[in-house]
Amino acid sequence: MTHDVGVATRASVVALCLAALAPAPASACPCGALVGPSAPVTGAADRWGAALNLSGLAELGRWDSRSGAQGNPEGASAYRLVVDAAAAWRATPSLELGLGVAAGYSAVENPGQSLTGGGLGDSYARARQEIGLTRAGWVPTGAVWAGLRAPTASRALSDPGLAMATGLGLGAWEASVGGELRWALGARVQLALSGEVGLRFAGLDGYTPGHRAAVTVTVVHELTQKVSLTAGAGEWMELGVDGSLLRRTTVSVGAQWRASLDWRAMARVDVDPLVDGAGSELPAVVRASLGVAWAR
């Protein structure tokens with residue numbers, strides 16, 4: 001039993017790491033858009049919006065407490081298939097209110113043990129206020145947001161802790177706040193800097209993960225009026241249960257295609273470079289996602 005709990009605890013950290021990578025739909029802005037967790041579903045001229053993303057994730061290895069990179073041990077692996085659905089209402093041209101939920105299937109293999117599970121994931125609510133929509137040049141536009149994540153993940157497995165081990169949810173409530181600044185570097189290029197902090201509390205069965213923070217820098221290049229590309233890098237930090245600082249670096253590339261005024265498609269790849277110094281006490285993962293979004 002002790003071995004099983006240890007495996008579940010390790011895999012739950014993997015699940016938290018992977019959940020944090022979940023991308024939200026891209027912005028409805030026709031002039032090029034971010035693809036990432038802070039992006040809105042709707043644009044200023046829209047009233048309603050909805051989006052669906054399908055993601056596949058795989059663990060590459062992990063970093064130890066000294067930031068040393070290590071590949072997966074023989075016979076160990078973690079894979080996930082996740083569907084994220086979101087809906088949003090543009091209450092005013094600058095204020096978006098949104099809801100989202102995830103569902104998925106996970107398979108975690110360790111020597112002598114196989115963990116699988118699927119079902120409903122966590123849900124969230126978010127309010128996003130955009131600032132300075134009409135500004136241009138080196139005067140940045142911006143946004144602030146606040147969110148609440150609820151531990152609604154399915155827990156149909158015999159050991160409650162394994163619900164987190166199979167990547168179905170955080171296992172705790174989380175309140176988050178964040179902000180973004182965006183600069184125009186030319187007619188077709190934008191630079192965005194964003195940050196977010198999350199406070200976790202009231203964990204299930206006495207388990208509460210540590211608080212977390214993330215910062216991201218992203219460049220958006222509009223190739224045409226319908227196609228834009230993004231590239232970025234981010235740093236994820238989380239407090240461990242023993243007070244240590246868990247850390248992970250992620251690089252990403254993405255693309256958006258506006259099929260019509262109402263519809264757009266997105267693709268994104270996130271990779272945690274498994275090299276010494278790029279993380280600490282967290283798994284490194286690769287994630288590929290495809291999505292579609294509608295707004296009008």
Side-chain angles (χ1 to χ4, degrees), residues 21-56 84-88 90 93-94 96 98 100 126 128-145 178-196 214-235 250-271 286-296:
L21 287 172
S27 163
C29 172
C31 57
L34 296 179
V35 181
S38 64
V41 179
T42 60
D46 299 320
R47 190 65 171 173
W48 301 95
L52 193 67
N53 280 271
L54 175 65
S55 302
D84 297 283
R90 184 66 66 148
S94 62
E96 180 190 85
R126 188 182 69 172
R128 188 180 196 274
Q129 176 68 48
E130 294 166 357
I131 303 168
L133 296 178
T134 60
R135 296 181 182 176
W138 281 99
V139 178
T141 60
V144 293
W145 59 85
E180 173 191 289
L181 291 175
R182 189 189 294 204
W183 292 266
L185 303 184
R188 294 181 178 271
V189 180
Q190 300 174 52
L191 174 68
L193 178 65
S194 65
E196 186 177 70
V215 293
T216 304
V217 60
T218 307
V219 175
V220 183
H221 182 205
E222 180 192 1
L223 294 181
T224 70
Q225 290 185 341
K226 291 189 174 183
V227 179
S228 61
L229 304 178
T230 66
E235 190 77 4
T250 301
V251 295
S252 63
V253 293
Q256 177 177 258
W257 171 53
R258 177 169 288 278
S260 68
L261 290 177
D262 298 338
W263 290 94
R264 60 196 185 277
M266 300 87 68
R268 175 175 167 135
V269 176
D270 298 274
V271 180
V286 58
R287 174 175 186 147
S289 64
L290 293 172
V292 294
W294 167 89
R296 67 180 306 173

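Model, not experiment: these values are computed from the prediction.
With sequence neighbours excluded, the residues forming a side chain to side chain contact (heavy atoms under 4.5 Å, CB included) with Val189 are Leu185, Val219, His221, listed by chain and number. Qualifying side-chain hydrogen bond (donor to acceptor under 3.5 Å, both in side chains) partners for Gln129, counting only residues two or more places apart in sequence or in other chains: Ser94. Residues satisfying the side chain to side chain contact (heavy atoms under 4.5 Å, CB included) criterion with Leu261, sequence neighbours excluded, are absent altogether. Judged as a side chain to side chain contact (heavy atoms under 4.5 Å, CB included), and not counting sequence neighbours, the contacts of Arg47 are Trp89.
Across all their heavy atoms, Thr42 and Ala88 have their closest contact at CG2-CB, 4.2 Å. In this structure, Val41 and Glu96 approach most closely via the heavy-atom pair N-OE2, 2.9 Å. Contact between Arg128 and Ala39 at its shortest, heavy atoms only, is NE-C, 4.4 Å. Pro40 approaches Arg126 most closely through the heavy-atom pair CA-NH2, 3.8 Å.
At a threshold of 4.0 Å, the pair Arg90-Glu130 counts as salt-bridged, since one of the basic side-chain nitrogens sits closer than that to a carboxylate oxygen. Using a 4.0 Å cut-off between charged side-chain N and carboxylate O, Arg258 and Glu222 make no salt bridge. For Asp46 and Arg264, the salt-bridge test fails: no basic side-chain N is under 4.0 Å from an acidic carboxylate O.
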Would Trp145 and Glu196 satisfy side-chain hydrogen bond (donor to acceptor under 3.5 Å, both in side chains), going step by step from the backbone distance to the final call?
CA-CA 9 Å; Trp145 59 85; Glu196 186 177 70; 2.7 Å; yes

Would Val217 and Leu191 satisfy side-chain contact (heavy atoms from CB on, under 4.5 Å), going step by step from the backbone distance to the final call?
CA-CA 7 Å; Val217 60; Leu191 174 68; 3.7 Å; yes

Check the pair Asp84 / Arg287 against salt bridge (Lys or Arg N to Asp or Glu O under 4.0 Å), numbers first and verdict last.
CA-CA 14 Å; Asp84 297 283; Arg287 174 175 186 147; 3.4 Å; yes

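Rounding to the nearest 0.5 Å gives a distance of 13.5 Å between CZ of Arg182 and CD1 of Ile131. How far CG of Leu223 is from CD of Gln256: 12.0 Å, rounded to the nearest 0.5 Å. Once rounded to the nearest 0.5 Å, the distance linking CG of Leu181 with OG1 of Thr141 reads 8.0 Å. If you take CG on Leu54 and OG on Ser289, they are separated by 8.5 Å, rounding to the nearest 0.5 Å.
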